[in-house]
2 protein chains.
Amino acid sequence: MASTLHDVAKLAGVSIKTVSNVINDYPHIRPATRARVEAAVAELGYTPNLTARSLRSGRTGAIALAVPDLGLSYFAELAASVIEAAEEAGVVVLVEQTGGDRDREIELLRSPRLKMTDGLIFSPLGMGQDDVARLEVPYPLVVLGERIFDGPADHVTMQNVEAARAATELLLESGRRRIAVIGAHEGEVIGSAGLRLRGYREALDAAGVPFDESIIGYTTLWHRSNGARCLHELLDRGVEFDAVFGLNDTLALGAMRALQESGRRVPEDVAVVGFDDLDEARYTIPSLTTVDPGRVWIARTAVRTLLQRIEAADAAGPPRLLLADFRIAERESTRPRSA
Amino acid sequence: MASTLHDVAKLAGVSIKTVSNVINDYPHIRPATRARVEAAVAELGYTPNLTARSLRSGRTGAIALAVPDLGLSYFAELAASVIEAAEEAGVVVLVEQTGGDRDREIELLRSPRLKMTDGLIFSPLGMGQDDVARLEVPYPLVVLGERIFDGPADHVTMQNVEAARAATELLLESGRRRIAVIGAHEGEVIGSAGLRLRGYREALDAAGVPFDESIIGYTTLWHRSNGARCLHELLDRGVEFDAVFGLNDTLALGAMRALQESGRRVPEDVAVVGFDDLDEARYTIPSLTTVDPGRVWIARTAVRTLLQRIEAADAAGPPRLLLADFRIAERESTRPRSA
DNA sequence: CGCCCACTCTACAACGTTGTAGGCGCCCGT
DNA sequence: ACGGGCGCCTACAACGTTGTAGAGTGGGCG
């Protein structure tokens, strides 16, 4: 079925290399020859064998993207943006799911499956700062997320502390003082949870509002159901609060549901802020105020940076840290009470 | 950096083929030789070059998945399931986004980019029944969705008519009689919209409820915002209804939001049913009754079917049509009024 | 008139792997 | 004692492509 350069060459009566030259737009070919070759290509429906080309050139034209799970909306939207950016750059994307599992992440990094790609955009969730040395891999790598800093690879990430601080300040400015947090991780310092919690505390400190451990809700998995469960636990504990900062949108949405189930009105009784600016956050009831952490920019930048490393044989430049701008998307869940 | 069989062979003092045999668990190798080779492999950190292996074997160990957009939750969840099933089968997945655009879909089918994969799982959105001949491609292909039937390729899909009928019957049984539809496509007969609308009409007919064109809402794009807009149009038209059938979940969720904005209570004033069983539907307020169309089964079956076609050199069996079982996930948005 | 260069094309090797054919030594059965 | 078969290993070719070296022609210029 599949025809090769060889078949085309035979049909056109030229050497195999001449066909290759026509395909690759090599300039010095007589129009007559070119026409003959093109006719043969058309007749046989020839398309180049990319595997052979890859073997010869050392480039596959594919990059890998490893995320925890496309079922998590943030990563689905991130993957959509990465694939779109890659498409514009003429490369395809191989998507792997790690489940956020540390062992699978580590295995993936040394997996020969990656040999089919020119580089990796990696969003770890299970690995942590202790695993920083494992990012030393023999292929171009761009790391996303907040699990590992100062590694040997380029790192594209968001301004977690600053953005969380701004989100908290928004709540404080609207008069809220008892701001519960949903999704904290016990003892975590870096990582999305740790950094966003730090931004929260910075905002409280700056405003002179005391930090209250009793309105911090802990949950490891950031899923809608955990947001709801976490908020129910706060309610069961009987603590008072007039706002909720969900450390991501799905947590906030789950919490919002739990609030309304318990008869509290959003935003009248409790204001809610999320983090991620999922598409979904615009269409919930009420719509969710959230932080747009620059997801699209992160995706584009990750792809662009990776391709630069791939193209530069001198890939040996020092690792770069690239930070996205953030933006607060103010919606109904934080409408002022008086409004 | 990358070491080859050649390097390992030299270090171990054996032929290159012997190293290959060790790597591929060929049984007849003396333990001493095997040990020497394995030591050399370990010392050099050798990993096989998959590109070369692919060229030699004619298999890449990768499949392609083409969907409209991972930003659409249904396709994100579908992709997650496909990748998971592929992972279990030991193959990786290259994801393409077509944007649901017919031209891009057609171009993708004949794209040499696919040469890097062993086959394609394709979920068209822009192509239609007229394009059925374009599915005749020189590689294994599994088609998903409801845009094209009776094509030359295997087709894995869901029971749209039956499931939509069941969803409508659920509403009818709870006493609703004026069931609005959100997301219909003008004049469409096949395609998700056409088929689901047919199931809706069948249910009405069977119950002796007259079909009323004035409560059918049309919108081409199935997005949350369109669901909301579509419902607002119905309200503006001043028509009465006591239930809404969103032809997919995002439409239903957008409609639910619009209903609540307009002061109607769900399910007391208006019951809502969706279609897709997105993860999200479980955590909205109220949670959304919806049709689980068998997404996980579809993904697994698509992968399994594709791999069978790839493995069987006799891939020439007649095309198969595989239908998933569906299930109604009954939740709060259709709670009986009296409850 | 002869030389050099530009143009057009070809032959060959190489990318790293695996299938095939075959060589060599040894044990077994006759 | 000898042929056959098995266990272990090697050499070579091939997958389809592209880079390199170079051959042959013709034109321009000294």
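Reminder, nothing fancy here: chain letters follow the sequence lines and each chain counts from 1. Note that the coordinates shown come from a computational prediction; the quantities given were computed from them, not determined experimentally.
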Engineer: Categorize Y46(A) for me: base, sugar-phosphate, or nothing, with a 4.0 angstrom heavy-atom threshold over every strand shown.
Structural biologist: sugar-phosphate
Engineer: Taking any heavy-atom pair under 4.0 Å as a contact, classify I29(B): base, sugar-phosphate, or nothing.
Structural biologist: sugar-phosphate
Engineer: Given dT17(D), dC9(D), dC15(C), identify the nucleotide with an atom nearest to the side chain of N49(A).
Structural biologist: dT17(D)
Engineer: From dT17(C), dT18(D), dC8(D), pick the nucleotide closest to the side chain of L5(B)?
Structural biologist: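 Taking heavy atoms from C-beta onward, the closest nucleotide is dT17(C).
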Engineer: Does R295(A) pair with D276(A) as a salt bridge, N-O distance under 4.0 Å?
Structural biologist: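 The answer is no: the pair does not qualify as a salt bridge.
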Engineer: From dG16(D), dC8(D), dG19(C), pick the nucleotide closest to the side chain of R56(B)?
Structural biologist: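 Nearest to the side-chain atoms of R56(B), counting from C-beta on, is dG19(C).
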Engineer: Does atom CD of E136(A) have more than 12 heavy-atom neighbours from other groups under 6.0 Å away?
Structural biologist: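 Atom CD in E136(A) is not packed in, count stays at 12 or less.
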Engineer: Is it true that D131(A) and R134(A) have a side-chain N and a carboxylate O under 4.0 angstrom from each other?
Structural biologist: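 Counted as a salt bridge, because a side-chain N and a carboxylate O are separated by less than 4.0 Å.
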Engineer: Looking only at the side chain of T33(A) (C-beta and beyond, no hydrogens), which of the listed nucleotides dC9(C), dC8(D), dC15(D) gets closest?
Structural biologist: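 When the side chain of T33(A) is considered, dC9(C) is the closest of dC9(C), dC8(D), dC15(D).
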Engineer: If you check the A52(B) side chain, which of dT18(C), dG16(C), dT8(C) turns out closest?
Structural biologist: dG16(C)
Engineer: Which is true for T4(A) with a 4.0 Å heavy-atom rule: it touches a base, it touches only sugar-phosphate, or it touches nothing?
Structural biologist: sugar-phosphate
Engineer: Can you tell which of dT17(C), dT8(C), dT18(D) lies closest to the side chain of K17(A)?
Structural biologist: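 Nearest listed nucleotide: dT18(D).
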